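Working notes, beginning with the structure itself.
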Amino acid sequence: MKRTHNATGLEVKDVGVQVVLNGWVDSRRDHGGLIFIDLRDRSGLIQVVFSPEVNQDAFHLAEQVRSEYVVAVQGKVSLRPADTENPNLKTGKIEIYVQKMEIMNTAKTPPFYIEDGIDVDENLRLKYRYLDLRRGEMRENLMLRHRVVKTMRDFLDSRGFLEIETPMLTKSSPEGARDYLVPSRVHHGEFFALPQSPQIFKQLLMVAGMEKYFQVARCFRDEDLRADRQPEFTQLDIEMSFIDEEDIMGLMEEMMALIFKVGINRDINIPFPRLSYDEAMKKYGSDAPDLRFGLEIVDLTEIMAQSQFQVFSSAIQAGGVVRAINAKGCASFKRREIDQLGQLAIDYGAKGMAWIVVSEKELKSPITKFLKAQEIEEIMSALDAQPGDLILFAADKQEIVSRVLGFLRMELARRLDLIDKDELNFMWIYDFPLFEYDQEEGRYVAVHHMFTSPRLSDLDRLDNNPEGIKARAYDLVLNGTEIGGGSIRIHQREWQEKVFSLLGMSFEEVRDKFGYMLDAFEYGTPPHGGIAFGIDRLAMIMGGRSSIRDVIAFPKTQSASCPLTNAPSAVSNKQLRELAIKIREK
RNA sequence: GGAGCCGUGGUGGAGUGGUUACCAUGCCGGCCUGUCAAGCCGGAGGUCGUGGGUUCAAAUCCCAUCGGCUUCGCCA
């Protein structure tokens with residue numbers, strides 16, 4: 001019995017039609033003389049009814065059916081009797097009176113409920129992922145993801161982009177994340193790396209004259225996992241020739257508007273607002289700020305520069321800053337809560353967290369006794385402090401202060417429930433620094449990546465003055481999450497060599513790792529640039545999920561393993577011998 | 001590498017040293033012709049993650065270890 005319709009493809013106007021449905025038994029309600037089954041297929045649910053008056057054989061077969069059995073039913077679409085309609089079902093006004101049923105397969109009782117909103121150990125869900133994905137919400141997530149990717153492909157195709165694949169087995173390169181390595185059987189002792197991104201290949205495609213490229217590209221980074229980070233993830237990777245920042249940002253805004261319309265039927269306003277990196281860090285303590293709420297950070301460095309309060313003034317003298325955040329209406333926080341925030345600040349790298357509780361009559365604070373009345377007044381005024389407010393301070397190097405107050409800002413928003421879950425807050429962050437100094441490595445490292453072009457006006461500083469050079473890079477931020485980022489690239493061999501050199505790479509290393517790319521740049525490389533979006537993160541936000549795992553069919557656990565297949569696993573000695581690999585004892 | 005939370009019938013939870021480990025749900029059987037969280041009656045189902053220790057006695061206290069989740073570092 002082959003299906004004639006999908007479960008939710010039927011509606012009131014189909015009443016009287018003979019249909020065959022195939023699907024799974026979602027639930028069975030046996031009334032003795034009458035049996036109801038909710039039949040589920042990919043489209044959703046419909047109720048089918050078994051009555052001995054309609055067909056004895058089908059009725060008795062239905063008595064034996066259990067959850068998750070795979071069945072085929074044949075019957076007539078009928079209107080439900082009055083007062084038995086189910087408004088919770090799309091097909092709640094109709095039902096199928098079954099004349100014939102076939103059990104296509106039986107099923108063991110599943111280890112968890114096949115329904116939305118379950119609270120089950122995630123390990124179990126992943127071990128039985130094929131059952132987890134039967135749940136409506138998970139099916140919806142994958143369908144949403146499909147619509148998003150389909151829309152991306154269609155949109156880019158309509159704008160003249162070519163989808164081109166690049167190698168998965170490629171060359172390990174320095175910088176960036178830890179590589180996943182694949183041993184070469186043919187070349188003992190040598191390894192491929194799985195791509196962290198198709199960056200160099202897409203630039204070579206520009207050299208090759210493809211002009212407009214995209215790829216839905218799997219990327220691999222062997223770093224620790226998070227709720228929004230998997231070791232393998234998917235990027236929409238894009239590159240174009242003969243363009244500038246505005247071309248890419250404008251095009252991507254159009255694409256985003258379409259994706260959100262098709263994906264979740266939301267209209268978003270374009271163009272997106274833009275915020276410079278410096279301003280984002282200063283006001284929000286993050287290069288991916290969440291602007292769905294206020295709680296701006298206020299700089300007090302000037303006010304405090306001459307202060308007698310050593311904690312503040314010595315931080316400033318050491319080149320640092322003093323900044324604060326006004327937790328509006330939080331004067332009611334208990335001392336224990338404030339101390340808890342202070343501990344969190346310390347966890348994020350602060351040496352401590354000063355605070356002032358502003359009440360009607362007085363200021364409660366461990367630090368006001370060190371401050372002059374004039375200074376306190378200026379602080380209150382700068383932060384627009386009113387009775388009932390709580391002010392939190394951080395004093396340290398700028399990067400630490402930003403990180404700490406950026407975190408406290410988010411934490412306060414969560415505690416005060418300031419975030420509107422339905423809002424979609426997009427913004428571009430631009431004017432990133434090209435380099436930052438890495439204390440541990442004792443050298444500069446690229447903030448974006450090492451192929452990013454410096455601002456043209458900063459080009460001459462590549463020789464001897466890298467501090468403060470701005471990059472032609474841009475990130476797209478949605479609700480405090482970086483969902484994409486890109487840049488205009490370097491397309492001149494000479495500039496690229498200077499960047500490599502500034503990053504501390506020797507002539508030999510550059511030749512070995514990137515010689516092929518520099519060679520390519522000598523054969524007429526067009527100016528080019530691009531962007532890449534994290535499809536998993538985008539789908540996660542669009543689906544309103546809190547973990548990227550919910551929009552990936554077969555994700556890894558936090559320890560980067562797969563409970564379903566038990567990967568990774570040991571391999572045979574024969575396999576190891578072929579690869580000339582010996583496993584060392586710990 | 002660090003921090004936090006969690007691990008008890010299939011599932012989710014309760015159980016702070018002492019009878020036969022409790023509840024809900026699911027599962028199995030019976031009854032039941034309008035349910036959709038169906039209902040009523042009955043039943044089965046447990047190495048309390050694992051290993052060690054303390055104790056007359058451990059799900060419970062201690063140590064170690066494994067696993068899951070969150071997070072800092074890390075993620076050009």
Side-chain angles (χ1 to χ4, degrees), chain A residues 26-39 45-54 59 63 66-68 78 80-89 91-92 95 97 108-128 131 173-179 196-197 199-200 219-231 233 340 343-350 403-404 407 411 432 434-436 438 440-441 444-452 471 473 482 485 487 499-500 503 532 534 546-547 549 556-561 563:
Chain A
D26 196 70
S27 72
R28 188 182 69 114
R29 294 176 293 281
D30 186 344
H31 289 238
L34 194 67
I35 297 171
F36 300 97
I37 284 178
D38 289 339
L39 188 75
L45 293 183
I46 190 166
Q47 173 164 283
V48 300
V49 190
F50 297 84
S51 164
E53 288 160 20
V54 174
F59 177 78
E63 290 180 315
R66 294 293 179 270
S67 291
E68 301 307 316
S78 308
R80 290 197 187 194
D83 296 329
T84 65
E85 297 173 346
N86 183 350
N88 300 319
L89 283 187
T91 54
E95 59 193 2
Y97 274 95
K108 290 167 76 175
T109 302
F112 48 80
Y113 306 119
I114 310 296
E115 63 188 33
D116 287 355
I118 57 169
D119 175 25
V120 187
D121 187 81
E122 195 155 346
N123 213 26
L124 195 68
R125 286 176 55 200
L126 293 180
K127 185 173 173 189
Y128 297 94
L131 297 179
S173 74
E175 300 256 323
R178 195 176 290 114
D179 282 322
Q196 295 183 30
S197 86
Q199 183 61 36
I200 296 175
C219 304
F220 304 85
R221 296 178 189 174
D222 188 3
E223 298 291 348
D224 285 350
L225 292 84
R226 290 285 189 278
D228 63 352
R229 240 161 61 193
Q230 284 271 306
F233 60 99
Q340 202 182 12
Q343 183 55 49
L344 287 168
I346 288 167
D347 292 345
Y348 274 76
R403 193 199 312 155
V404 169
F407 166 76
E411 181 63 21
F432 283 82
L434 189 61
F435 304 109
E436 64 188 358
D438 185 317
E440 245 174 70
E441 301 255 339
Y444 286 98
V445 295
V447 170
H448 185 58
H449 60 52
M450 49 196 160
F451 313 111
T452 300
E482 180 201 323
S487 62
V499 169
F500 287 147
L503 293 172
S546 53
S547 165
R549 295 185 298 278
K556 304 280 185 287
T557 66
Q558 188 153 52
S559 60
S561 58

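Bear in mind the structure is a predicted one, so any value in this text is a computation, not a measurement.
Using a 4.0 Å heavy-atom criterion, one finds that A/Val447 contacts the sugar-phosphate atoms exclusively. The residue A/Gln47 sits close to a base: some heavy atom pair falls under 4.0 Å. At the heavy-atom level, A/Asp121 lies under 4.0 Å from the strands shown only through sugar-phosphate atoms. Residue contacts shown for A/Gln196 are absent, as no nucleic acid heavy atom lies under 4.0 Å away. Residue-level contact check: A/Gln343 touches neither bases nor backbone, having no heavy atom under 4.0 Å from any strand. Among the protein residues, A/Glu441 comes within range of no part of the nucleic acid, since none of its heavy atoms lies under 4.0 Å from any strand. Residue A/Phe451 is classed as having no contact, given no heavy-atom separation below 4.0 Å to the nucleic acid. Nucleic acid contact class of A/Asp30 (heavy atoms, under 4.0 Å, all strands): base. Using a 4.0 Å heavy-atom cutoff across all strands shown, A/Val120 reaches sugar-phosphate atoms only and no base atom. At the heavy-atom level, A/Asn123 lies under 4.0 Å from the strands shown only through sugar-phosphate atoms. A/Ser197 comes within 4.0 angstrom of a base, heavy atoms only.
For a distance-only test at 3.5 Å, the side chain of A/Asp224 qualifies as a donor-acceptor partner of the base of B/G73. One can find a donor-acceptor pair under 3.5 Å joining the base of B/C36 and the side-chain atoms of A/Arg80. Within 3.5 Å, a donor on the side chain of A/Glu95 pairs with an acceptor on the base of B/G34, or the reverse.
At least one side-chain nitrogen or oxygen of A/Arg226 sits closer than 4.0 Å to the OP1 or OP2 atom of B/C72. Taking side-chain N and O atoms only, A/Thr557 has a distance below 4.0 Å to OP1 or OP2 of B/G68. For A/Ser561 and B/G68, the shortest distance from a side-chain N or O to OP1 or OP2 is below 4.0 Å. Using a 4.0 Å cut-off, no side-chain N or O of A/Ser547 falls inside it from OP1 or OP2 of B/C69. Checking the phosphate oxygens (OP1, OP2) of B/G68, no side-chain nitrogen or oxygen of A/Arg549 falls inside 4.0 Å. When the side-chain nitrogen and oxygen atoms of A/Arg29 are compared with OP1 and OP2 of B/U33, none of them lie within a distance under 4.0 Å.
Between A/Tyr97 and A/Glu436, the residue whose closest nucleotide on RNA chain B is further toward the 5' end is A/Tyr97. Of the two residues near RNA chain B, A/Gly176 and A/Lys556, the one whose nearest nucleotide lies more 5' is A/Lys556.
If you check B/C72, B/U35, B/A37 against the side chain of A/Asn88, the one that comes closest is B/A37. With B/C69, B/C27, B/G73 as the candidates, the nucleotide lying closest to the side chain of A/Gln558 is B/C69. Considering only the side chain of A/Arg66, B/C28 comes nearest among B/C69, B/C28, B/G34. Minimum atom distance to the side chain of A/Asn86 is reached by B/C36, of the listed B/C36, B/C32, B/G68. For A/Ser67, counting side-chain heavy atoms from C-beta on, the closest listed nucleotide (B/C27, B/C32, B/C36) is B/C27. Minimum atom distance to the side chain of A/Arg403 is reached by B/G73, of the listed B/G73, B/G12, B/C74.
Between the side chain of A/Arg229 and the backbone N or O of A/Asp224, at least one donor-acceptor pair lies under 3.5 Å. Side-chain atoms of A/Arg178 come within 3.5 Å of backbone atoms of A/Asp222 as a donor-acceptor pair (strictly under, hydrogens ignored). Here the side chain of A/Ser67 pairs no donor or acceptor atom with the backbone of A/Pro110 at under 3.5 angstrom. Between the side chain of A/Glu68 and the backbone N or O of A/Asp26, no donor-acceptor pair lies under 3.5 Å. In this structure, A/Gln196 contributes its side chain and A/Ala177 its backbone to a donor-acceptor pair below 3.5 Å. A/His449 places a side-chain N or O within 3.5 Å of a backbone atom of A/Phe451 that can act as its donor or acceptor partner. Although no hydrogens or angles enter the test, the distance criterion places no donor-acceptor pair under 3.5 Å between the side chain of A/Glu436 and the main chain of A/Ala446.
Distance check on atom C1': B/A44 versus B/A3 gives 44 Å, rounded to whole Å. Taking atom C1' on both B/G45 and B/C22, the two are 15 Å apart, rounded to the nearest angstrom. On the C1' atoms, B/U8 is 15 Å away from B/A24, given to the nearest whole Å. With P as the reference atom, B/G12 and B/G2 are 28 Å apart, rounded to whole Å. Only the P atoms considered, B/C63 is 13 Å distant from B/G4, to the nearest whole Å. A gap of 16 Å separates the C1' atoms of B/G7 and B/G51, to the nearest Å. Distance check on atom P: B/C23 versus B/C69 gives 32 Å, rounded to whole Å. A distance of about 24 Å separates the C1' atoms of B/U65 and B/G17, rounded to the whole Å.
For the pair A/Asp38 and A/Arg28, the salt-bridge criterion is not met [side-chain N within less than 4.0 Å of a carboxylate O]. A salt bridge is absent between A/Glu85 and A/Arg80: the closest approach of a Lys/Arg side-chain nitrogen to an acidic carboxylate oxygen does not fall below 4.0 angstrom.
Note: CG (A/Asp119) to P (B/G26) measures 17 Å, nearest angstrom. Straight-line distance from the CD atom of A/Glu223 to the P atom of B/U71: 16 Å, rounded to whole Å. We find that OH of A/Tyr348 is positioned 14 Å from C1' of B/G2, with the value rounded to whole Å. We find that CZ of A/Arg221 is positioned 10 Å from P of B/C75, with the value rounded to whole Å. In this structure, A/Arg178 atom CZ and B/C74 atom P are separated by 12 Å, rounded to whole Å. For the pair A/Glu115 CD and B/G26 C1', the computed distance is 10 Å after rounding to whole Å. Atom pair A/Arg229:CZ and B/U71:C1' shows a separation of 10 Å (rounding to whole Å applied). As a whole-Å value, the separation of A/Phe407 CZ from B/C72 P is 8 Å.
Looking only at side-chain heavy atoms (C-beta outward), A/Phe435 and A/Leu503 come within less than 4.5 Å of each other.
Using Watson-Crick or G-U wobble geometry with both donor-acceptor distances under 3.5 Å, B/U16 finds no partner in any strand shown. Base pairing annotation: B/A3 forms a Watson-Crick or G-U wobble pair with B/U70, both donor-acceptor distances under 3.5 Å.
Residue-nucleotide stacking is present for A/His31 and B/A38, judged by a side-chain ring centre under 5.5 Å from the six-membered base ring centre and planes under 30° apart.
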Each nucleotide of nucleotides 5-10 of chain B classed B (base within 4.0 Å of a protein heavy atom), S (only sugar-phosphate) or -, in 5' to 3' order, makes -----B

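Relative orientation of the A/Tyr348 and A/Phe407 rings is parallel, given thresholds of 30° and 60° on the angle between their planes.
A/Lys556 NZ: more than 12 foreign heavy atoms inside a 6.0 Å radius.
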